[in-house]
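So the structure is just underneath, and the comments pick up after that.
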Amino acid sequence: MQTRSAVAPRGRVAGATALALAAVTVLLGAAPRPATTTATMAGATAVTATTAGAGAEASGAEASGAGAEASGAGGTAGAGVAGSSVPVLAWGPCTGPRDGFECATARVPLDHRRPSGPTIALAVTRRPAADPARRTGVLPLHPGGPGNSGVDFARNSHAALPAALRDTFDVVGYDMRGVARGARVECWDDEEYAAAVDAARGVPGPGALQRAVRQGADFAAACRRRSGGLVPFVGTGFNARDIDLLRRALGEETLSFYGRSFGSYVGTVYAAQFPRRVRAMVLDGAYDPHLYADVPYAYDAAQFAALDAAVGRFLDWCAQEAAVCGFGDGRPRQAFEDLKRALDADPVITAGGRPATGYTLAYRLMFGINAGKEIWPYLGEALRAAQDRRASFLLSPPSPASFGFLTVNTAVECADRRYPPGRPLLGALVGAHAASAPLLGPPVGLGPPAYDHNHAPACVPWQADRPGRFEGSYRAAGSAPILVLGTTGDPDTPYQDAVALAGTLENGRLLTFAAEGHTAYNRSACISALVNGYLATGALPARGTVCADEAPPEPGGRRTAGLEADETREVIPVLR
């Protein structure tokens, strides 16, 4: 099945820009990675198919006297993290709802270069397999972000898994370093963050670029000041080593793994360091790991292009289906621009006294567009409500919970990614990215440090020491087959990233979802059947398989559950 129309906007708009930025960045000192191969969708086979957060954890203790094991890094068949003691997980009841989950605390080295040095605590949870006689092993679920709680992700997503997986796997979640219940990264406080986002605008005026660069430097300085003992160590290389210590603590020779969005990069790095510890791995909404870590300006350019293209397709649908969309009276792009300006000039004051500006509108739409085509009518209603200055989730300014998520999101990505130094280059490329994506680029790219697209102003002045960053090859040589999921119209992780990752991995297999929205699992009966079968048996989909069963936009049948929740509550959707 050919899906050129679904991916062409990003290819036309961002392809040349990304290549040019990649070349510039490499010339300015980006570390080279092994060359990757890329697959295409030409000749692909079409397959069309018709809540509560975890509380405090029971305490655990670090094991003493555990023998050091050979490292699994570098593609060897080692037993685990060299020299590190295996945590002891003292399982006990979780606080909160009695949902069958157990909780514990794992203590892992702060700095994996010093396995006997200071430790940090990671909150861990598990729901044992419902049918112990048929138990296959453990299935960690890793959320996106970075910044979301893995404990909450596992608990909130368990019911969405099919019974066959719940029966045979212990479903596991943990809060990665820097997140939620453990050692938390702190940078700006709530008042500083609120002041920055409340002053941001949907149509930034003169001086916005300079302000963004200053705010990024101030944010980075605050991270050093308030979390200087932690932020060097929150990179994904160390996070993956934490996972292997958890594998050993759980008594497993291998693990299965589902990671979505940022969780796909975590899985990629884990497989790269411990390839023979992978039984099965699903990487959904995948990252191109080389661009993400080593050519970040090019990666940012592609993300801006993918986001604007997705919003543009939604607004084009609103123009074609004006009665169903309900926004813009046939001219939704102009109406959107007018609405940003109107809210900037006269913000809606929320019940909490915060101003909802054009920036608020853009920020919320950036996350809302991820839900896919079936909720487009609901987005139209929400835009019309904002236009009428009525209650709308698009007029909800980022909250303190959001600030905690965004802080970790920025800090982890700055620990993972190496931007070329230089303020002139920073200003030129941040400005170019914002201009290249006219719908959301200016507010997102020139706003305060927040989500993926605008991390450069904080990451360029970041402290140089990044010991937690992964530096090796991403091939995962010797691993079991790894299933990579890519959605052709993904606004957050562009489809080409999944193509690149599947070509990078020695044993990668690409499964395509021809659809709008972010990630694929449980948004498609076709995708889910293939993923569930792979996790259960290891059987891979045929090469070139494309699923094309996205639910169409229907006013009476759209899924809106969870859309109005803030961006910090991530769940695997329930398959309809």
Are Thr512 and Tyr495 close enough that a side-chain donor and a side-chain acceptor fall under 3.5 Å?
-> yes
Taking Ser264 for the side chain and Arg260 for the main chain, is one N or O donor matched with an acceptor at less than 3.5 Å?
-> no
Do side-chain atoms of Arg509 reach the backbone of Ala502 as a donor and acceptor pair under 3.5 angstrom?
-> no
Is it true that Asp152 and Arg181 have a side-chain N and a carboxylate O under 4.0 angstrom from each other?
-> yes
Would you check if the side chain of Tyr521 reaches a backbone N or O of Asn532 as a donor-acceptor pair within less than 3.5 Å?
-> no
Could you tell me whether a side-chain N or O of Ser227 sits under 3.5 Å from a main-chain N or O of Glu186, the two making a donor and an acceptor?
-> yes
Can you tell if the side chain of Val282 reaches within under 4.5 Å of the side chain of Tyr534, non-hydrogen atoms only?
-> yes
Work out which heavy atom in Ala183 is nearest to a heavy atom in Leu230; give both atom names and the distance.
-> O-CD2, 3.4 Å
Within a radius of less than 6.0 Å around CD of Gln463, do more than 12 heavy atoms belonging to other residues, nucleotides or ligands occur?
-> yes
With respect to Phe257, which candidate in Leu283, Leu139, Ile482, Leu535 satisfies the side chain to side chain contact (heavy atoms under 4.5 Å, CB included) definition?
-> Leu283
Under 3.5 Å side-chain donor-acceptor pair for Asp497 and Tyr299 = yes
Look only at the side chain of Ser157 and the backbone of Ala154, and say whether a donor-acceptor pair between them is shorter than 3.5 Å.
-> no
Residues which pass side-chain hydrogen bond (donor to acceptor under 3.5 Å, both in side chains) with Asp300, listed by chain and number, not counting sequence neighbours = Arg417, Tyr419
Smallest separation among heavy atoms of Ala272 and Ser473, with atom names | CB-O, 3.3 Å
Would you mind reporting whether Thr168 and Asp131 have side-chain heavy atoms less than 4.5 Å apart?
-> no
How many angstroms lie between CG in Asn370 and OG1 in Thr493, if you round to the nearest 0.5 Å?
-> 8.5 Å
Quick one: does Tyr297's side chain get under 4.5 Å of Val460's, heavy atoms only?
-> yes
How about Thr407 and Trp188: do any of their side-chain heavy atoms sit closer than 4.5 Å?
-> no
Short side-chain donor-acceptor distance under 3.5 Å, Ser402 and Glu567 = yes
In terms of heavy-atom contacts, Ala498 and Val484 come closest through O-CG1, 3.6 Å
Salt bridge flag under 4.0 Å for residues Glu471 and Arg466 | no
Indicate whether the side chain of Asn239 and that of Tyr174 have a donor and an acceptor atom separated by less than 3.5 Å.
-> yes
Distance-only, no hydrogens or angles: does the Ser528 side chain make a donor-acceptor pair with backbone N or O of Asn522 under 3.5 Å?
-> yes
Is it true that Arg226 and Glu192 make a salt bridge, defined as a side-chain N closer than 4.0 Å to a carboxylate O?
-> yes
Any pair with a residue in residues 216-249 that passes disulfide (SG to SG under 2.5 Å), sequence neighbours left out, goes on the list, sorted by first then second residue, please.
-> Cys187-Cys223
Can Asp294 and Arg469 be counted as an ion pair, charged N to O under 4.0 angstrom?
-> yes
Ion pair Asp242/Arg177, N-O distance below 4.0 Å = yes
Flag if over 12 foreign heavy atoms under 6.0 Å of CZ, Arg184 | no
How long is the span from the OH atom in Tyr451 to the CG atom in Leu406, to the nearest 0.5 Å?
-> 9.5 Å
Are Pro448 and Phe219 close enough that some pair of their side-chain heavy atoms sits under 4.5 Å apart?
-> no
Pro232 versus Pro467, closest heavy-atom pair with distance = O-CD, 3.2 Å
Please assess Phe274 against Arg241 for the test side chain to side chain contact (heavy atoms under 4.5 Å, CB included), listing each intermediate value before the final yes or no.
-> CA-CA 9 Å; Phe274 306 101; Arg241 288 178 174 268; 4.2 Å; yes
Walk me through it: do Arg523 and Thr487 pass the test side chain to side chain contact (heavy atoms under 4.5 Å, CB included)?
-> CA-CA 10 Å; Arg523 295 184 53 232; Thr487 302; 4.3 Å; yes
Please work out which of the three classes, parallel, tilted or perpendicular, describes the rings of His158 and Phe101, given edges at 30° and 60°.
-> perpendicular
Nearest-0.5 Å distance that lies between atom OG1 in Thr519 and atom CG in Asp490 = 7.0 Å
Can you find a pair of side-chain heavy atoms, one from Tyr287 and one from Thr268, that are under 4.5 Å apart?
-> no
Between Met176 and Ile243, is a side chain to side chain contact (heavy atoms under 4.5 Å, CB included) present by the stated rule, with each step listed?
-> CA-CA 9 Å; Met176 58 179 267; Ile243 293 174; over 6 Å; no
Nearest 0.5 Å, what's the OG-NE2 distance between Ser84 and His112?
-> 6.0 Å
Is the shortest side-chain N to carboxylate O distance from Asp244 to Arg247 below 4.0 Å?
-> yes
Applying side chain to side chain contact (heavy atoms under 4.5 Å, CB included), run through Asn148 and Phe153 and close with a yes or a no.
-> CA-CA 8 Å; Asn148 284 311; Phe153 184 59; over 6 Å; no
Would you indicate whether the side-chain heavy atoms of Pro289 and Leu501 approach each other to under 4.5 Å?
-> yes
Ignoring hydrogens and geometry, is there a side-chain-to-backbone donor-acceptor pair from Arg107 to Thr119 under 3.5 Å?
-> yes
Return yes when atom CZ of Arg114 has more than 12 non-hydrogen atoms of other residues, nucleotides or ligands closer than 6.0 Å, and no otherwise.
-> no
Please tell me if the side chains of Asp452 and Phe262 come closer than 4.5 Å, counting only heavy atoms from C-beta onward.
-> no
Should the pair Glu252-Arg279 be classified as a salt bridge under the 4.0 Å nitrogen-to-oxygen rule?
-> no
Answer yes or no: are there more than 12 heavy-atom neighbours, outside Arg98 itself, under 6.0 Å from its atom CZ?
-> no
Parallel under 30°, tilted from 30 to 60°, perpendicular over 60°: which one fits the rings of Phe233 and Phe238?
-> parallel
Whether Phe367 and Tyr363 hold their rings parallel, tilted or perpendicular, with breakpoints at 30° and 60° | perpendicular
Where Ala450 and Thr410 come nearest, the two heavy atoms and their spacing = O-OG1, 3.2 Å
Rounded distance [0.5 Å steps], OG1 in Thr504 versus CG in Leu291 | 9.0 Å
To the nearest 0.5 angstrom, please state how far the CG atom of Asp167 sits from the CG atom of Leu161.
-> 11.0 Å
Would you confirm whether Gln303, through its side chain, and Asp492, through its main-chain N or O, come within 3.5 Å as a donor-acceptor pair?
-> yes
Spell out, as yes or no, whether a donor-acceptor pair under 3.5 Å connects the side chain of Asn507 to the backbone of Ser479.
-> yes
For Gly235, does its backbone N or O pair with a side-chain atom of Asp416 as donor and acceptor, under 3.5 Å?
-> no
Between the side chains of Tyr474 and Asp288, does any donor sit under 3.5 Å from an acceptor?
-> no
Measure across Gly486 and Leu510 and return the closest heavy-atom pair with its distance rounded to 0.1 Å.
-> N-CD1, 4.4 Å
